[in-house]
2 protein chains.
Amino acid sequence: MSSDEVFEAISHPLRIDILKTLSKKPLGFADLKRELRITSSGLIDFHLKKMAPIVERDSDGLYTLNQAGFAALYAVNVVSRKGWQRRALFSNIGVYVVMNVYMWFAIPEFFLLVLIPTTAWILFYAYWSIVKRRVHLTGRENKDAETGDESQNE
Amino acid sequence: MSSDEVFEAISHPLRIDILKTLSKKPLGFADLKRELRITSSGLIDFHLKKMAPIVERDSDGLYTLNQAGFAALYAVNVVSRKGWQRRALFSNIGVYVVMNVYMWFAIPEFFLLVLIPTTAWILFYAYWSIVKRRVHLTGRENKDAETGDESQNE
DNA sequence: AAGCGTGGTCAAGGAATGTTGACTTGCTGG
DNA sequence: CCAGCAAGTCAACATTCCTTGACCACGCTT
């Protein structure tokens, strides 16, 4: 399974629609047509065959995403906006602050015992996120990203 | 900037090579040809034009990735293997264990004051990772992933 | 001045993609 | 038994993709 096969499988607007639709629940052929408001059977057939690397049939014969399919869905969300990485960093910082404030009021004499390791962790995590994963803190690079698509997979 | 444009820009093996090469450093036309061991100028020209949504020229006229380009690179790594998500979860669990063992030996009488909030956090993080982000703990789904490609962007 | 490297553009042609619409097969209710 | 729906398959055709190879303009060097 090489990367370009997976991206080929989602490099068409209709195929991204199919990906998102199947990520909600497995569907049969006619249900998929109805859901996407498409009349041509051949069209669905063609694109489903193109998506072979990421779509399988389940035990009921319904079309469903395989692991690579969910990775692809995930990739679509990554490209749409890298928001959750930023949220993960912020939630880590939030936990760090709450934890240390909590310790300060609960047992101030041992405050440093918590502050030092948590600070080390948060510095490492911020370095990893910002430098290695190129997470931008402002989110301005996502200004023109797609909207109205709060996927459950993020 | 829609998702399928970005995926179209990386749905060919050579374009993924270009993406990875330009992620290391911006390059000129001839340098890019040399780096990829390609003799045909037209071929590079064709694929660079295909990659227009994710490739720009910098102030020196060199080809370089824009934000969408780095998101695409990131997506390539996501599809190749979702490993870092698992490592992030494991590193959080590691910090949780070390932190609590440390507290147990440092100030056992206040052990619970740390155990309770950190446990709440780790349970939330595990739920979020496993259920919402479909991270698999075993890593077996990556057995046939691409190898020999330790990107700096992971 | 002739040759070479850089940084491309462009046309041609075969291969692959995208779409339509006709056709098939199997099942089910009336 | 036959109409109608589900679940596709397939041929045909226009369009797009991919690759090759020829060509061009500019600057530098010998």
Side-chain angles (χ1 to χ4, degrees), chain A residues 1-22 24-66 68-69 72 75-76, chain B residues 1-22 24-66 68-69 72 75-76:
Chain A
M1 175 84 61
S2 64
S3 299
D4 55 290
E5 284 181 81
V6 173
F7 294 123
E8 170 66 23
I10 53 173
S11 64
H12 189 280
L14 179 55
R15 296 206 282 268
I16 289 188
D17 282 349
I18 293 175
L19 180 76
K20 287 177 177 173
T21 303
L22 290 183
K24 297 193 188 79
K25 62 174 186 294
L27 288 175
F29 194 89
D31 286 335
L32 195 53
K33 271 176 65 179
R34 249 192 308 278
E35 197 87 11
L36 297 171
R37 291 189 182 80
I38 284 170
T39 49
S40 165
S41 288
L43 192 58
I44 291 274
D45 182 54
F46 175 79
H47 287 293
L48 278 176
K49 284 190 170 64
K50 280 271 148 189
M51 295 174 79
I54 63 172
V55 169
E56 290 176 2
R57 316 294 295 272
D58 69 7
S59 52
D60 297 326
L62 302 178
Y63 294 96
T64 183
L65 301 183
N66 61 16
V76 169
Chain B
M1 174 84 63
S2 62
S3 300
D4 55 289
E5 284 180 82
V6 174
F7 293 122
E8 170 65 22
I10 54 174
S11 63
H12 188 278
L14 179 56
R15 295 206 283 268
I16 289 188
D17 283 349
I18 293 174
L19 179 77
K20 287 177 176 172
T21 304
L22 290 183
K24 297 194 188 78
K25 62 174 185 293
L27 289 174
F29 194 90
D31 286 334
L32 195 53
K33 271 177 65 180
R34 248 192 309 278
E35 196 87 11
L36 297 171
R37 292 189 181 79
I38 284 171
T39 49
S40 165
S41 288
L43 191 59
I44 290 275
D45 182 54
F46 174 80
H47 287 293
L48 278 177
K49 283 190 170 63
K50 281 269 149 188
M51 295 174 80
I54 62 171
V55 169
E56 289 175 3
R57 317 293 296 272
D58 69 7
S59 52
D60 298 326
L62 303 178
Y63 294 95
T64 183
L65 300 183
N66 61 15
V76 169

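Naming: A, B, ... by sequence-line order, numbering from 1 per chain. Computed from a prediction, not measured in an experiment: that's the story for all the values here.
Taking side-chain N and O atoms only, B:Y63 has no distance below 4.0 Å to OP1 or OP2 of C:dT6. Distances shown here put a side-chain N or O of B:R57 below 4.0 Å from the OP1 or OP2 atom of C:dG8.
Contacts between residues 29-43 of chain B and DNA chain C, defined by a heavy-atom separation below 4.0 Å, involve B:F29, B:A30, B:R34, B:S41, B:G42, listed by number.
Rounded to an integer number of Å, the gap from B:I18 CD1 to D:dC18 C1' is 13 Å. Distance A:M51 CE to C:dT17 C1': 16 Å, rounded to the nearest Å. The nearest whole Å value for the distance from the NE2 atom in B:H47 to the P atom in C:dC10 is 18 Å. For the pair B:F46 CZ and D:dG21 C1', the interatomic distance rounds to 16 Å; values are reported in whole Å. Taking atom CD on A:E5 and atom P on C:dT17, their separation rounds to 12 Å, with Å as the unit. A straight line from NZ of A:K50 to P of C:dA15 spans 16 Å, rounded to a whole angstrom. Residue B:D45 contributes atom CG, which lies 14 Å from atom P of D:dC17 at whole-angstrom precision. Remark: C1' of C:dA16 and NE2 of A:H12 are 14 Å apart, rounded to the nearest angstrom.
Proximity of A:H47 to A:H12: side-chain heavy atoms (C-beta onward) are separated by under 4.5 Å at one or more points.
Between the CD1 atom in B:I18 and the CG atom in B:L48 there is a gap of 5.0 Å [rounded to 0.5 Å]. Between the CD1 atom of B:I38 and the NZ atom of B:K33 there is a distance of 9.5 Å, given to the nearest 0.5 Å. To the nearest 0.5 Å, atoms CG (A:L32) and CG (A:L27) are separated by 6.0 Å.
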In sequence, state the C-alpha distance, the side-chain angles, and the governing distance for B:S40 and B:F46, and then conclude on side chain to side chain contact (heavy atoms under 4.5 Å, CB included).
CA-CA 10 Å; B:S40 165; B:F46 174 80; over 6 Å; no
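Relative to the side chain of A:K49, the nucleotides C:dG18, C:dG8, D:dT9 differ in distance, and D:dT9 lies closest.
A salt bridge does not link B:K20 to B:E35: none of the charged side-chain nitrogens sits closer than 4.0 Å to a carboxylate oxygen.
Residues A:I44 and A:E8 each lie close to DNA chain C; by heavy-atom proximity, the contact nearer the 5' end of the strand is made by A:E8.
Ring geometry for A:F7 against B:F7 counts as parallel: the plane angle stays under 30°, on a 0 to 90° scale with 60° as the upper cut.
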